[in-house]
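One structure is given below, encoded as structure tokens.
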Amino acid sequence: MSVVYKKELKGYFNSMTGYVYVAFALAVIGVYTYAVCLRQVFPNFEYVLDSVRFLFALLMPILTMRTMSEERRQRTDQLLYSSPISTWSIVFGKFFAALTVYGLPLLVSCFYPVLLSRFGSVNFPTAYAGIFAFLLMGGAAIAIGIFLSSLTDNLMVAAVLSFGAMLICYIMPSLANMVSASAMTSAMCFAVLAILAGYFIYETSRNLILGGGIAAVVVGALLAVFRFKRTLLEGTFNKAMNALSVFSRFDSFVYGVFDLKAVIYFLTIIVLFVFFTVQTVEKRRWS
């Protein structure tokens with residue numbers, strides 16, 4: 001993994017992507033620190049992170065669009081596939097390289113609460129818990145972006161997919177409020193997701209029975225619940241959208257609560273989408 005990590009990290013800074021991202025992120029954090037903490041006299045650095053959350057979500061495609069798709073476009077992925085390095089090491093190496101670039105501005109921002117303490121009382125545990133959660137939140141977004149990058153060899157397509165995914169993840173709570181809470185709507189939405197999941201399983205495994213079987217079982221279960229106990233489905237999809245929102249999980253840290261469930265959620269998203277990426281790469285590796 002260390003070989004891929006060093007190669008990928010070097011690639012970020014050789015292409016100037018790393019420098020541009022770090023400089024812009026530091027500028028954004030600095031401006032919001034002045035506006036929120038100094039101008040409005042709030043000694044809460046977690047408020048700054050809350051304010052820049054949306055901008056960091058929009059910046060995520062810059063870090064992830066080239067991770068896998070550029071390898072495919074330049075055919076250099078064949079060199080990795082023919083090496084003795086495992087697929088897990090390749091994907092994790094790329095993931096940690098992107099996470100390192102993402103984390104550099106946060107590392108610098110660790111000094112901000114100390115500087116702010118000269119102007120007022122700062123709750124250091126809350127501030128640093130917020131930085132830690134912001135790092136994990138970014139890691140989850142990076143894992144999603146790398147997976148989307150592994151689906152195409154076109155950088156622009158990868159960037160658009162990542163941007164769309166980040167935007168949907170960010171506005172998901174608002175979308176949940178717009179969707180009807182009726183049992184019919186929940187059943188239809190879950191059925192569509194089940195069919196898409198079945199198709200994805202088929203594409204990654206080339207096993208029609210497995211992919212189609214899982215989709216059919218889930219859709220059948222939804223029909224049964226809708227027929228005999230439809231009240232169980234009322235508002236369920238809305239709750240699921242709120243529960244799965246990546247960026248809204250950071251809210252509890254803004255309010256000074258160390259949410260262990262959110263930490264586990266971020267780690268689960270990271271492992272899950274790294275696994276999806278590994279499956280996609282394995283499919284291409286042996287095709």
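As the structure is a computational prediction, the values presented were derived from the model and not from experiment.
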**Prompt:** If every non-hydrogen atom of Pro113 is compared with every non-hydrogen atom of Val122, which pair is closest and at what distance?
**Reply:** O-CG2, 3.8 Å
**Asked** In the single-linkage hydrophobic clustering (I, L, V, M, F, W, Y; side-chain heavy atoms under 4.5 Å), do Ile195 and Phe276 co-cluster?
**Response** no
**Request:** Would you please classify the geometry between the Phe253 ring and the Phe250 ring as parallel, tilted or perpendicular, with 30° and 60° separating the classes?
**Result:** parallel
**Message:** Using the rule given for side-chain contact (heavy atoms from CB on, under 4.5 Å), can you reason through Tyr265 versus Asp259, listing the C-alpha separation, both sets of side-chain angles and the distance that settles it, and then say yes or no?
**Reply:** CA-CA 10 Å; Tyr265 174 79; Asp259 190 352; over 6 Å; no
**Prompt:** Out of curiosity, does Leu63 fall in the hydrophobic cluster containing Met16 (side-chain heavy atoms, cut-off under 4.5 Å, transitive links)?
**Reply:** yes
**Item:** Verify same cluster id: Met137, Val108 (apolar side-chain graph, 4.5 Å)
**Value:** yes
**Prompt:** Using 30° and 60° as the class limits, which term best fits the ring planes of Phe275 and Trp88: parallel, tilted or perpendicular?
**Reply:** tilted
**Request:** Any chance you could measure Met60, atom CE, to Leu55, atom CG, to the nearest 0.5 Å?
**Result:** 11.5 Å
**Asked** Between Tyr21 and Val101, which heavy-atom pair has the shortest distance, and what is it?
**Response** CE2-O, 3.6 Å
**Request:** Supply the atom-to-atom distance Thr67 OG1 to Leu148 CG, rounded to the nearest 0.5 angstrom.
**Result:** 9.5 Å
**Prompt:** Centre of Phe247's six-membered ring, under 6.0 Å away, within 45 degrees of the axis: is that where NZ or CZ of Arg53 sits?
**Reply:** no
**Prompt:** Judged by atom type as modelled, is there a donor-acceptor pair below 3.5 Å linking the side chain of Asn154 to the main-chain atoms of Val157?
**Reply:** yes
**Message:** Could you go through Phe258 and Val263, starting from their C-alpha distance and side-chain angles, then the distance that decides it, and tell me whether this counts as side-chain contact (heavy atoms from CB on, under 4.5 Å)?
**Reply:** CA-CA 9 Å; Phe258 188 89; Val263 172; 4.1 Å; yes
**Prompt:** Out of Tyr32, Tyr112, Phe134, which residue meets the ring pair (Phe, Tyr, Trp, His ring centres under 6.0 Å) rule with Phe45?
**Reply:** Tyr112
**Ring centers of Phe147, Phe273 separated by less than 6.0 Å** = yes
**Message:** In this structure, would Tyr102 and Phe95 fall into the same cluster of hydrophobic residues linked by side-chain contacts under 4.5 Å?
**Reply:** yes
**Prompt:** When rounded to the nearest 0.5 angstrom, what distance separates CZ in Phe124 from OG1 in Thr126?
**Reply:** 11.0 Å
**Request:** Evaluate the side-chain contact (heavy atoms from CB on, under 4.5 Å) criterion for residues Thr64 and Phe163: first the C-alpha distance (whole Å), next the side-chain angles of each, then the deciding distance (0.1 Å), finally the verdict.
**Result:** CA-CA 10 Å; Thr64 61; Phe163 176 80; over 6 Å; no
**Request:** Flag yes if Val36 and Val31 sit in one hydrophobic cluster, no otherwise; membership is Ile, Leu, Val, Met, Phe, Trp, Tyr, and two members link when side-chain heavy atoms are under 4.5 Å apart.
**Result:** no
**Request:** To the nearest 0.5 angstrom, please state how far the SG atom of Cys110 sits from the CG atom of Leu115.
**Result:** 11.5 Å
**Prompt:** Under a 4.5 Å cut-off applied to non-hydrogen side-chain atoms, are Ile131 and Leu49 in contact?
**Reply:** yes
**side-chain contact (heavy atoms from CB on, under 4.5 Å) between Val28 and Leu59, intermediate numbers included** = CA-CA 11 Å; Val28 168; Leu59 287 174; 5.7 Å; no
